Amino acid sequence: MMPGHKPMKDRLTLALCANASGDCKIKPLLVYLSEKPRAFKSHKILKEKLQVMRRSNPKAWVTRKFFVEWVNLVFGLSVKKYLQEKNLPVQALLILDNAPAHPPNLEDDILEEFKFIKVLYLPPNTTPILQPMDQQVISNFKKLYTNHLFRRCFEVTATTNLTLREFWKDHFNIAICLKIIDQAWLGVTTRTLTSAWKKL
């Protein structure tokens, strides 16, 4: 038997999206286990101020309902604003793989004001080969996230007598995680995003 505490069973799912020019990152969709995490109260975090669209369910899975909400409440608005600011024609193509959360008839669920969005589904089993976010964007994001996470760990433990186990138990939660997600997504460069579209 080893002394210690049970490992955290926290999980979340994060959906990332950006354009082929690499100059428009869409607010990510984040699905977490809890609707009202205790850490939000202690860190005084307001849901509407988050840099992600947050939803919750017991398995932290992106559902079709959540994805449609994200398209209508985040993606559509962001893309329309971007196109208008750049004086571009108001038309967009959303490229999706065949993940279970992506409804096959998504265009039917898009609000009237965002009907300029067309949806293209990649062929089955081509996600690792063609899907732009899978071409180094997600892995680059994960590296940046890990980098920021360990930097925070070293900052906290260097000035205290905390062990690594105590850091995970008492000084890391969903509120801290969200701040690190923001930093990591900001750190993904235009070059990384544009190069992701070359194979497609």
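Because the structure is predicted, anything quoted here is derived from the model rather than measured.
Residues T192 and V137 share a closest heavy-atom pair of O-CG2, 4.1 Å. Heavy-atom minimum distance, E113 versus K80: O-NZ, 3.8 Å. Looking at every heavy atom in both residues, F67 comes nearest to P103 through CD2-CD, 3.9 Å. M133 approaches L193 most closely through the heavy-atom pair CE-CD2, 4.4 Å. Annotation for K25 and A18: closest pair CA-CB, 4.2 Å, computed over non-hydrogen atoms. Of all the heavy atoms in W185 and C17, the pair that sits closest is CZ2-O, 3.4 Å.
Side-chain atoms of N72 come within 3.5 Å of backbone N or O of D109 as a donor-acceptor pair. The closest donor-acceptor contact from the side chain of R55 to the backbone of W61 lies at 3.5 Å or more, if one exists at all. Distance alone, capped at 3.5 Å, is enough to place a donor-acceptor pair between the Y121 side chain and the P104 backbone. Judged purely by atom type and a 3.5 angstrom limit, K115 uses its side chain to pair as donor or acceptor with the backbone of E107. Side-chain N or O atoms of K27 include none that pairs as donor or acceptor with a backbone N or O of V74 at under 3.5 Å. Remark: side-chain polar atoms of H171 are not paired, donor with acceptor, to backbone N or O of E166 under 3.5 angstrom. Side-chain N or O atoms of N173 include one that pairs as donor or acceptor with a backbone N or O of I176 at under 3.5 Å.
In this structure, the separation between OG on S34 and CG on N57 is 11.5 Å, given to the nearest 0.5 Å. The CD atom of E155 sits 10.5 Å away from atom NE2 of H148, with the distance rounded to the nearest 0.5 Å. In this structure, OG1 on T159 lies 13.5 Å from CZ on F154, to the nearest 0.5 angstrom. Interatomic distance, L186 CG to I181 CD1, rounded to the nearest 0.5 Å: 12.0 Å.
Note on L30 and V71: separate hydrophobic clusters, where clusters join Ile, Leu, Val, Met, Phe, Trp and Tyr whose side-chain heavy atoms are under 4.5 Å apart, directly or indirectly. Cluster membership for F116 and L88, using ILVMFWY side-chain heavy atoms within less than 4.5 angstrom, is shared. Neither L29 nor L16 shares a network with the other; the hydrophobic side chains, linked directly or stepwise wherever heavy atoms of I, L, V, M, F, W or Y lie under 4.5 Å apart, form separate groups for each. Both I95 and I129 belong to a single network of hydrophobic side chains, linked directly or stepwise wherever heavy atoms of I, L, V, M, F, W or Y lie under 4.5 Å apart. Placement of L14 and L50 within a single hydrophobic cluster is found when ILVMFWY residues are connected by side-chain heavy-atom separations under 4.5 Å, directly or transitively.
Side-chain contact annotation: Q51 with D182, donor-acceptor N/O pair under 3.5 Å absent.
Between E69 and K65 there is a salt bridge, with a side-chain nitrogen of the basic residue lying less than 4.0 Å from a carboxylate oxygen of the acidic one. Under 4.0 Å is where a charged nitrogen must lie from a carboxylate oxygen, and between K86 and D23 at least one such pair does.
Ring pair F172/F167 is tilted by interplanar angle, where 30° to 60° counts as tilted. Using a 30° and 60° split on the angle between ring planes, F75 and W70 fall in the tilted class, from 30° to 60°.
Side-chain contact check for I110 versus V119: some heavy-atom pair is nearer than 4.5 Å. Side-chain contact check for Y82 versus S21: some heavy-atom pair is nearer than 4.5 Å. The shortest side-chain heavy-atom distance between C177 and Y145 falls under the 4.5 Å cut-off. Between L144 and Q183 there is no side-chain heavy-atom pair separated by less than 4.5 Å.
For N105, the CG atom is densely surrounded, since the number of other residues' heavy atoms within 6.0 Å is greater than 12.
When L106, T127, L122, L120 are each tested for a side chain to side chain contact (heavy atoms under 4.5 Å, CB included) with L96, only one passes: L106. The only member of N19, V79, L94, L77 that meets side chain to side chain contact (heavy atoms under 4.5 Å, CB included) when paired with I26 is V79.
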